[in-house]
Amino acid sequence: MNNDSIKKIYQPPVQKQNPAMLGRFILIFVSGCLTLLLGGCKDFYDVDPYAVIKEIDFNKNREDLNASAFGMYEPLTHEVHKFLLWGDARADMVTTGQKEPDPYINEFVTNSISVENPYTSYAGIYQSIARCNRQLEKVYAVAQLDDKILDRDAAAFYAEALLLRAFNHFMLAKNFVRFPMMFSDHAEGIRYVNQAGDTLVRKVNHLSNDDIRGSFYYPQSRDQAIQMIYEDVLTVLGILPINYQWNRNSLPAQERYGRVSQAMAATFAAELALWLGDYQAASAFSNSPVLNSNHTLGASGTWVNQFTGSYASLHSLFLLGYRYPNSFETNRLQEFTSSVEKDGGRYFLKPSAWAIDSIFSKEPGDIRTSFSYKVMDGDTVIWKYIGSDNVVSMRPGYQSDASWHLYRSADAYLYKALADLMLSDYSTAFNFVNMLRVARGLEELDPAETNYRDRNFMLALIFKEKARENAFEGKRWYDLMLWSRLSGTNQLAAAVAAKYSAPRREEILQKLQDEAAWFIPIDPKLWE
C-alpha cells in the first residue's frame with residue numbers, strides 16, 4: 001500500500017445537515033483550538049493540544065512524530081476517574097462510600113445526572129481527538145522531510161492516530177445524548193476554498209459559531225456513528241505493525257500496552273461487530289488476539305500484577321499506565337476509592353452490597369474475588385486501585401499508580417464466547433467461558449450440569465464472568481447495554497435497579513425502561 005492510497009483511504013463523511021455550508025467551504029484545519037469562540041462550550045471544547053509548541057520547531061522528523069503520538073494519549077490519562085463514574089457508578093456494582101456523599105458524584109450513583117455536573121465534561125476526549133487529527137494531517141508532510149521514515153512507518157503512525165480517534169468516538173457514542181464527531185484538526189487559522197474556487201485563510205475569531213459547528217459531523221443515529229467507527233477500525237487493521245514492531249524497533253514492555261496495537265484493534269473490531277450484529281466478523285476478529293502468543297489469559301497468580309505494576313505482560317492489550325516513582329504521574333483512583341483519609345482517600349465510591357452478594361463468586365479460589373474488593377476497618381472498598389497485593393498491603397498514600405485498563409486479553413476471549421453463542425456455536429462459547437474460569441482459579445463447569453445450549457442462560461453466564469473480570473474498570477454500564485442488544489430485551493434497567501432499596505428501586509426501574517435515559521445529558525445551550 002503506497003503513500004497516496006493510505007492518504008486517501010479515509011474520507012470524512014459528507015455533511016448532510018448543512019448543504020449550503022458545504023457549498024461555501026471545504027474546510028482544512030491546521031493548528032490550535034476553538035475555546036474562544038464557543039463561549040459557553042469552553043469546558044466541553046478545551047482542545048488546545050499544542051499551545052506551547054511552535055510549528056516552526058516541530059513536526060520535522062520521526063522523533064517529532066513519536067512525541068506527537070505520545071501526546072495523543074496524554075489527555076485521557078487525566079480522565080480515568082470520570083471513566084469510573086460513567087461506566088460503573090451509574091451501574092449496579094458501585095455505590096457511594098461517604099455518609100454525606102459528594103453531590104455531583106452522587107448524581108451518577110443515583111442516576112440523576114444534571115447538565116451542570118462537572119464530571120460530565122468530555123473535554124479530555126475531544127483534546128485527544130484533536131491531537132489524533134493533528135497527527136493524521138502531519139504524518140505524510142513529516143515523512144517527506146525525513147528520509148528515514150519508510151512508507152510502512154508513516155502508515156503505522158497514521159493508523160495509530162486513526163484507531164485512537166475511533167476509540168475516542170466510541171467512548172462518546174456509548175455515553176452521551178448528543179455528540180459531534182470531529183474529523184479535522186481545529187485551528188487558529190482555517191484554510192478553505194470559496195465558491196469562486198479561491199483558497200482563502202480566515203482567523204478562527206472571524207468565523208461564526210455556525211461556521212465552526214458546521215465543521216463537525218453530527219451522526220444521524222448512534223448506530224450510524226458506530227458503523228463509521230467500525231469502518232475506521234477495519235481500515236487500521238491492515239496498516240498497524242504486528243507485535244509492536246514500530247519504526248522497525250520492538251517497543252519495550254512499558255510502551256507496548258500504553259499504545260494501540262494490532263491485537264487491540266482486532267479486539268476493538270470484535271466489540272464493534274457485536275454491537276452491529278455482525279457476529280461472524282466478531283468471532284473472526286476475536287481469534288487474532290486469542291491466537292497471538294504475546295497475549296494470553298495468564299494464570300491466577302499473575303492476574304493481580306496488571307494492577308499492582310506499571311504494566312502487565314500477557315494480560316494487557318491497551319492501558320493508561322502510571323509510573324509514580326519515576327515521573328510522579330498520578331491518577332485520582334486512590335482518592336475515589338480509598339477510605340484512608342491520610343492517604344488521600346475520600347471514599348467517594350465503594351462496591352454495592354448487591355454486587356458482592358450476586359456477582360462475585362462464592363466458589364473458592366477466584367483471584368478476582370480476593371483482589372477486586374476487600375473489607376478494611378469495617379469499610380468495603382474497591383481494592384484494585386489501592387492494594388499492592390491480594391492480602392492486606394496497601395499502596396503508599398498519594399501514589400495512585402494503578403493502571404487503567406481499556407482492553408485486556410480476557411476481553412477477546414469473552415467477545416469470542418459472545419459471538420459464537422450468537423452464531424449458535426454453543427460448545428465453543430461454553431469452552432471459552434471455562435478457559436477463563438480455569439485461568440482465574442475456578443473449576444470448569446460440567447456440561448452435563450450446565451444448560452449451555454440455552455442462549456439466555458449463557459448470555460447471563462458470560463456477562464457475569466465479564467462483570468467479575470472487569471469489576472470497577474468502567475465497563476459495566478456498557479456491558480449491560482450490549483447485553484440488552486444481544487438479548488433483544490432491556491437487561492440494564494433491572495440490573496441497575498437491583499442495587500437500590502424500595503421505593504427508589506421501582507423509580508429507577510421505570511426510568512431506565514426508556515433507553516434515552518441510558519445516556520449522559522448535555523446542556524441544550526451547547527447546541528443552540
Side-chain angles (χ1 to χ4, degrees), residues 43 76-125 171 175 307 320 322 324 329-356 359-360 371-388 394-406 467 470-478 480 495-501 504 508 520-521:
D43 292 339
L76 301 179
T77 65
H78 305 296
E79 303 292 274
V80 294
H81 60 292
K82 292 181 188 174
F83 300 157
L84 182 64
L85 289 173
W86 298 354
D88 273 331
R90 293 190 288 165
D92 52 342
M93 297 180 66
V94 171
T95 189
T96 183
Q98 296 180 325
K99 292 182 180 178
E100 296 182 5
D102 176 281
Y104 285 127
I105 290 174
N106 203 47
E107 285 184 358
F108 287 88
V109 173
T110 60
N111 275 279
S112 56
I113 305 167
S114 64
V115 294
E116 297 85 8
N117 192 312
Y119 294 107
T120 64
S121 170
Y122 45 30
I125 292 179
M171 286 289 290
N175 280 293
F307 303 100
L320 300 175
Y322 304 85
Y324 184 87
E329 296 173 341
T330 187
N331 59 53
R332 298 183 65 185
L333 296 174
Q334 187 177 45
E335 172 195 3
F336 270 59
T337 59
S338 174
S339 61
V340 183
E341 189 173 351
K342 67 179 178 63
D343 288 348
R346 300 186 66 186
Y347 201 37
F348 289 135
L349 301 173
K350 71 175 184 180
S352 67
W354 184 88
I356 292 172
I359 297 293
F360 286 103
F371 185 75
S372 296
Y373 76 93
K374 287 195 180 297
V375 177
M376 187 178 67
D377 297 329
D379 293 326
T380 305
V381 297
I382 296 171
W383 188 251
K384 277 185 175 179
Y385 307 115
I386 62 176
S388 60
M394 293 184 66
R395 304 173 193 277
Y398 297 96
Q399 293 190 21
S400 305
D401 58 352
S403 298
W404 179 261
H405 291 266
L406 301 168
N470 299 137
F472 318 125
E473 296 176 33
K475 295 185 177 182
R476 178 61 171 170
W477 186 267
Y478 319 124
L480 292 172
V496 174
K499 78 174 181 182
Y500 300 96
S501 301
R504 183 63 176 163
I508 291 294
I520 296 171

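- For the residue pair Tyr478 / Asn175, a side-chain donor-acceptor distance below 3.5 Å is found, with atom types taken as modelled.
- Remark: side-chain polar atoms of Asp343 are not paired, donor with acceptor, to backbone N or O of Gly345 under 3.5 angstrom.
- The shortest side-chain heavy-atom distance between Phe108 and Thr120 falls under the 4.5 Å cut-off.
- A salt bridge links Asp92 to Arg476: one of the charged nitrogens lies within less than 4.0 Å of a carboxylate oxygen.
- Here the shortest heavy-atom pairing between Val109 and Tyr500 reads O-OH, 2.6 Å.
- Looking at Ser403 and Phe307, their side chains never come closer than 4.5 Å, going by heavy atoms from C-beta outward.
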Side chain to side chain contact (heavy atoms under 4.5 Å, CB included) assessment of Ser339 paired with Met376: CA-CA 8 Å; Ser339 61; Met376 187 178 67; 3.4 Å; yes
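- The closest side-chain heavy-atom distance from Thr380 to Ile356 is below 4.5 Å.
- Under a 3.5 Å cut-off, the side chain of Lys350 and the backbone N or O of Gln98 do not form any donor-acceptor pair.
- Ile105 CD1 to Thr110 OG1: the interatomic distance, rounded to the nearest 0.5 Å, is 12.0 Å.
- The backbone N or O of Ala355 sits nowhere less than 3.5 Å from a side-chain atom of Lys499 that would complete a donor-acceptor pair.
- In summary, the aromatic rings of Phe348 and His81 are positioned with their centroids too far apart to meet the 6.0 Å limit.
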Tyr398/Glu335 under side chain to side chain contact (heavy atoms under 4.5 Å, CB included): CA gap, chis, key distance, verdict: CA-CA 8 Å; Tyr398 297 96; Glu335 172 195 3; over 6 Å; no
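- A distance-only check finds no donor-acceptor pair linking the side chain of Glu107 to the backbone of Asn111 [under 3.5 Å].
- Nearest heavy atom pair, residue Ala471 against residue Phe360, reads CB-CZ, 3.8 Å.
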Worked check of side chain to side chain contact (heavy atoms under 4.5 Å, CB included) between Ser338 and Arg346: CA-CA 6 Å; Ser338 174; Arg346 300 186 66 186; over 6 Å; no
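- For the atom pair CE of Met394 and CD of Gln399, the computed distance is 12.0 Å after rounding to the nearest 0.5 Å.
- Looking only at distances, no side-chain donor or acceptor of Asp379 sits under 3.5 Å from a matching main-chain atom of Val381.
- Using a 4.0 Å cut-off between charged nitrogen and carboxylate oxygen, Glu473 and Lys384 count as a salt-bridge pair.
- Using modelled atom types, no side-chain atom of Tyr104 and backbone atom of Ser114 make a donor-acceptor pair closer than 3.5 Å.
- Glu79 CD to Leu84 CG: the interatomic distance, rounded to the nearest 0.5 Å, is 13.0 Å.
- In this structure, Trp86 and Trp477 have side chains that are not in contact, with every pair of non-hydrogen atoms separated by 4.5 Å or more.
- Judged by distance alone, the side chain of Tyr347 and the main-chain N or O of Thr96 form no donor-acceptor pair under 3.5 Å.
- Looking at heavy atoms from C-beta onward, Trp383 lies out of side-chain contact with Ser372 at the 4.5 angstrom threshold.
- Counting only distance, with no hydrogens or angles, the side chain of Gln334 and the backbone of Ile386 share no donor-acceptor pair below 3.5 Å.
- No side-chain heavy atom of Met93 sits less than 4.5 Å from a side-chain heavy atom of Pro351.
- Trp404 is not listed as a side-chain neighbour of Leu76, based on a closest heavy-atom distance of 4.5 Å or more.
- Between Asn331 and Thr77, the closest side-chain pair of non-hydrogen atoms is not below 4.5 Å.
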